[in-house]
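Every chain is numbered from 1 and lettered A, B, ... according to where its sequence line falls, protein lines coming before strand lines. The structure presented is a predicted model; accordingly, all values stated were derived computationally and were not measured.
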Protein chains: 2
Amino acid sequence: MDEALPPMVDAETVVSERPRDHKAELRLWLRLLTCATLVEDEVRSRLRNRFDVTLPRFDLMAQLHKAPDGLTLSQLSSRMMVSNGNLTALVERLVEAGQIERRNSGSDRRVVNVVLTPAGSAAFARMASQHEDWIAGFFDGLDEAEIEQLMVLLGKLKASTRAAIHPTGPTP
Amino acid sequence: MDEALPPMVDAETVVSERPRDHKAELRLWLRLLTCATLVEDEVRSRLRNRFDVTLPRFDLMAQLHKAPDGLTLSQLSSRMMVSNGNLTALVERLVEAGQIERRNSGSDRRVVNVVLTPAGSAAFARMASQHEDWIAGFFDGLDEAEIEQLMVLLGKLKASTRAAIHPTGPTP
DNA sequence: CTGAATCATTTTAAGCTTAAAACAGTTGGT
DNA sequence: ACCAACTGTTTTAAGCTTAAAATGATTCAG
């Protein structure tokens, strides 16, 4: 059918005049998701098999490790990008396991602070070192420059996505 | 202790002699995960609010859309990268909703084939078009060249990760 | 000081997810 | 034909996840 079009319009123009499809972006998104899933699933599996710990628990402990003075549940849910209600049970299980400790805030009785116990801190240090090596292994096919390029491009994507999600209305 | 070392060794050398840390890879992984989570959570939320459908259901329908002749449960679980047992309930709910149909394979009585119903196909087409626009919106801050670069770099990462996960032992 | 709005957390209901075990059907070697 | 190994699916138990509603605590304008 397209062969019958007058040859005045070249392929370039046809493309630019279409309502515009976004197949390239879609394929890129699927590839990004594939990479994330591959790595995440393998990390989950290794954490379970070698340390008998789940990925969400590891993530929570990682956040506490980065914040030695502890975090509130709200801070945790925001940094882990999970819902608030999620944390109640997760924290409960880690407390039972002796890895973390709940502390009531002195000033605000609504607030619950959470801190790693010494045992939790030691357990996390052991796991984190392995974890870092695993990640390095997954990225082994990329050289330093490529890692840097990816870092920059994903930085742009992060900003672009945030902008699309939280549109700043025109300030009148 | 290290301060007692003779000053023959400069910082550069010290770095290269360390067991090697992999902070750059780790930070890149966290950034990649952040991007994936940002996009995925927003897509999940829009699918729920605008089409009253969950992301896993959308994903399953997308796979069936790409395979008009239908897929077995094993094919689905492998393409969606989720566990086998996961699909049983997911398929059941979509069948109840009239979006898909189960068909027993003629040749192998173990196999269950799944196909979109006409209603499911129409519903998916409606959603997919919006979905594609949402994704394009998230990538709006990147130009064509950057999208292409990301595609290439993530292709490398995918290959590298697969290699790390399924090591091909030395063939003796 | 009081009540409305806000905030931090918990609860609830539904659904998703996995790993591992169980089941059922098929295949290949003898 | 037989049985062992394998394959495709389902079941089970435990845990994760979300959205939405509920609870309890704080803040602040009036």
Side-chain angles (χ1 to χ4, degrees), chain A residues 33 36-38 40-61 63 70-97 99-100 102-114, chain B residues 33 36-38 40-61 63 70-97 99-100 102-114:
Chain A
L33 190 55
T37 305
L38 277 176
E40 189 166 336
D41 284 1
E42 184 67 13
V43 167
R44 185 196 312 280
S45 160
R46 293 185 187 181
L47 282 175
R48 177 182 299 277
N49 295 335
R50 303 182 197 186
F51 297 109
D52 193 35
V53 82
T54 66
L55 183 51
R57 288 180 201 200
F58 178 81
D59 285 347
L60 195 156
M61 293 173 78
Q63 293 298 333
L71 293 171
T72 69
L73 296 190
S74 291
Q75 287 172 326
L76 272 174
S77 78
S78 141
R79 295 183 193 199
M80 296 173 67
M81 298 200 279
V82 302
S83 69
N84 243 323
N86 201 345
L87 285 177
T88 300
L90 193 53
V91 163
E92 176 52 25
R93 282 186 280 264
L94 277 169
V95 168
E96 267 176 32
Q99 309 286 288
I100 66 175
R102 304 171 63 131
R103 291 189 186 158
N104 293 328
S105 156
S107 54
D108 188 332
R109 273 183 299 175
R110 292 170 304 181
V111 173
V112 178
N113 254 273
V114 181
Chain B
L33 189 57
T37 305
L38 276 176
E40 188 166 338
D41 284 0
E42 184 66 14
V43 167
R44 185 196 313 282
S45 160
R46 292 186 188 180
L47 282 174
R48 176 183 298 278
N49 295 335
R50 303 184 197 184
F51 298 109
D52 194 32
V53 82
T54 66
L55 183 51
R57 289 180 200 200
F58 178 80
D59 285 346
L60 195 156
M61 293 173 79
Q63 293 299 334
L71 294 170
T72 69
L73 295 192
S74 292
Q75 289 173 325
L76 271 174
S77 76
S78 139
R79 296 182 193 200
M80 295 173 69
M81 298 199 278
V82 301
S83 69
N84 241 323
N86 200 344
L87 284 175
T88 300
L90 193 53
V91 163
E92 176 52 27
R93 282 186 280 263
L94 277 168
V95 167
E96 266 176 33
Q99 308 287 287
I100 67 176
R102 304 172 62 130
R103 290 188 186 161
N104 294 327
S105 156
S107 53
D108 188 332
R109 273 184 299 174
R110 292 169 304 179
V111 173
V112 179
N113 253 273
V114 181

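Taking atom CZ of B:Arg46 as the reference point, atom P of D:dT18 lies 17 Å away to the nearest angstrom. Note: CZ (A:Arg93) to P (C:dT10) measures 13 Å, nearest angstrom. Rounded to an integer number of Å, the gap from CZ of B:Arg44 to P of C:dC16 is 10 Å. B:Gln75 has its CD atom 9 Å from the P atom of D:dG8, to the nearest Å. Taking atom CG of residue A:Leu90 and atom C1' of nucleotide D:dA14, one finds them 14 Å apart after rounding to whole Å. Atom CG of B:Asp41 and atom P of D:dT18 are 6 Å apart (whole Å). D:dT10 atom P lies 11 Å from atom CG of B:Leu76, rounded to whole Å.
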Look for any protein N or O under 3.5 Å of an N or O in nucleotides 26-28 of chain C and output each such pair with its distance, or none.
{"from": "C:dT26", "atom 1": "OP1", "to": "B:Arg109", "atom 2": "N", "distance (Å)": "3.0"}

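No contact: B:Ser45 has no heavy atom under 4.0 Å from any strand. B:Ser74 comes within contact range of the sugar-phosphate backbone alone, with a heavy-atom separation under 4.0 Å but no base atom that close.
Distance from the side chain of A:Asn86 is smallest for D:dT18 among the nucleotides D:dT18, C:dT10, D:dG15. Of the candidate nucleotides C:dT9, C:dC16, D:dT10, C:dT9 has the atom nearest to the side chain of A:Val112.
The closest side-chain heavy-atom distance from B:Gln99 to B:Val53 is not below 4.5 Å. A heavy-atom distance below 4.5 Å is not found between the side chains of B:Val95 and B:Val114. Between A:Arg44 and A:Thr54, every side-chain heavy-atom pair lies at or beyond the 4.5 Å cut-off. No side-chain heavy atom of B:Arg93 sits less than 4.5 Å from a side-chain heavy atom of B:Leu60.
The side chain of B:Asn84 contributes no N or O atom lying less than 4.0 Å from OP1 or OP2 of D:dT9. Side-chain nitrogen and oxygen atoms of B:Arg57 include at least one within less than 4.0 Å of the OP1 or OP2 phosphate oxygen of C:dC16. Residue B:Arg48 places none of its side-chain N or O atoms closer than 4.0 Å to OP1 or OP2 of C:dC16. Neither OP1 nor OP2 of D:dT18 sits under 4.0 Å from any side-chain N or O of B:Thr54.
Nearer the 5' end of DNA chain C, as judged by each residue's closest nucleotide, is the contact made by A:Thr88, out of A:Asn49 and A:Thr88.
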